[in-house]
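Shown next, in structure tokens, is the structure this report addresses.
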Amino acid sequence: MRPDVKHVLSVTQFDRQFLLQLFHRADEFAALPPREIAPVARGAIMATLFYEPSTRTRLSFEAAMTRLGGSVISAEYAASTSSAAKGESIEDTARVVAGYADLLVIRHPAAGSVARAAAVTDVPVINAGDGANEHPTQALIDLYTVWRECGRIDGLTVALVGDLRFGRAARSLARLLTQTVGTKIYLVAPPVTRMDPLLVEELRSAGLEVEEADDLVAIAPEVDVLYQTRIQRERFSDPDEYAAACGRYVVDQRLMRALPRHAIVLHPLPRVGEIDPEVDTDPRAAYFRQARNGVPLRMALIEWVLTPHPVTVLSTNGHRHA
Ligand code: NCD
């Protein structure tokens, strides 16, 4: 992988200082009227290659690139409409598309596949979700939303609820929370979708207080951020297992009564029944504001990715320039 190319593959690459800078920059973008935004991506092309369904991630990446003055080319149903349908490897597709674009945004069902694509390209690659592994840009949006809504990222109790086994957004957010201080995480999941014990151990070793809980209503009064997730039906081979996990934890009026008045409810969306729509009008329901935050956060990220590292180059007359 070329050291001078900025890929976004995992949340583990970000430190606290970077995160706070990114959030401030996203806030600046969010506050600006579109016509006042400097076209920092003018002349640049983003290619979005999506081998799995998406609404928010692809469209908000494309909106963010367009707002920055750049252009977008897109393979929306890449699994069926690109050469992947003919058996082409992700590496070959990425190599070729890197010749057409200045930035690739890839979603793929196989864990590790986006990193494999990044290893063979000389343009930045952003992971928009690789199987059940990671969804780093969603986690950035989630923590940015916490920062905006709660005014801080430290000293909070966060309940991660639902599919903590296959849910890449929850896995990435849990890892990103290791950059915060004094955070307590409750893991609340049906038995078949509990978080991988290796990841739980990773979080604890990084200094997070992590506790598994069964009774969401009982812990709700302690919770500042309730992060609800969808049971990832597409990743189950056994429909009975999926059915057993579904409907176990639902955010409804009863749960909202147990949550503190200052708490917020987040969800990466789409929801399919795990948040009752009657909760939507509660001011603590922050999930649609969270989705909206995707555009300014991704603008800040694209700006960072497209800004070259200060690399040392050798000029034609033999002198080094910084
Ligand atoms: C998530 C995903 O695709 O991982 N959605 C998203 O990007 N906002 C969560 C999900 O599909 O449940």
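Whatever order the structure lists them in is the order used to number ligands and atoms, beginning at 1.
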Please tabulate, line by line, the atom pairs linking an N/O of ligand 1 to a protein N/O at a distance below 3.5 Å, with the distance in Å to 0.1, or answer 'none'.
{"residue": "ligand 1", "atom": "3 (O)", "partner": "R107", "partner atom": "NH1", "Å": "3.4"}
{"residue": "ligand 1", "atom": "3 (O)", "partner": "R107", "partner atom": "NH2", "Å": "3.3"}
{"residue": "ligand 1", "atom": "3 (O)", "partner": "R168", "partner atom": "NH2", "Å": "3.0"}
{"residue": "ligand 1", "atom": "4 (O)", "partner": "R168", "partner atom": "NE", "Å": "2.7"}
{"residue": "ligand 1", "atom": "5 (N)", "partner": "L269", "partner atom": "O", "Å": "3.0"}
{"residue": "ligand 1", "atom": "7 (O)", "partner": "T57", "partner atom": "OG1", "Å": "2.9"}
{"residue": "ligand 1", "atom": "7 (O)", "partner": "R107", "partner atom": "NH2", "Å": "3.0"}
{"residue": "ligand 1", "atom": "7 (O)", "partner": "H135", "partner atom": "NE2", "Å": "2.7"}
{"residue": "ligand 1", "atom": "8 (N)", "partner": "Q138", "partner atom": "OE1", "Å": "3.2"}
{"residue": "ligand 1", "atom": "8 (N)", "partner": "P268", "partner atom": "O", "Å": "2.9"}
{"residue": "ligand 1", "atom": "8 (N)", "partner": "L269", "partner atom": "O", "Å": "3.1"}
{"residue": "ligand 1", "atom": "11 (O)", "partner": "R230", "partner atom": "NH2", "Å": "2.9"}
{"residue": "ligand 1", "atom": "12 (O)", "partner": "R230", "partner atom": "NE", "Å": "2.9"}
{"residue": "ligand 1", "atom": "12 (O)", "partner": "R230", "partner atom": "NH2", "Å": "3.3"}
{"residue": "ligand 1", "atom": "12 (O)", "partner": "Q232", "partner atom": "NE2", "Å": "2.8"}

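Nearest heavy atoms, A110 versus H108: N-ND1, 3.1 Å.
A donor-acceptor contact closer than 3.5 angstrom is absent between the side chains of R58 and T48.
Under a hydrophobic-cluster definition in which Ile, Leu, Val, Met, Phe, Trp and Tyr are linked whenever side-chain heavy atoms come within less than 4.5 Å, directly or via other members, V105 and L59 are assigned to different clusters.
The CG atom of L68 sits 12.0 Å away from the CZ atom of R42 when rounded to the nearest 0.5 Å. Rounding to the nearest 0.5 Å gives a distance of 4.5 Å between CZ of R168 and CZ of R107. Rounding to the nearest 0.5 Å places CG of D224 at 10.5 Å from CG of L226.
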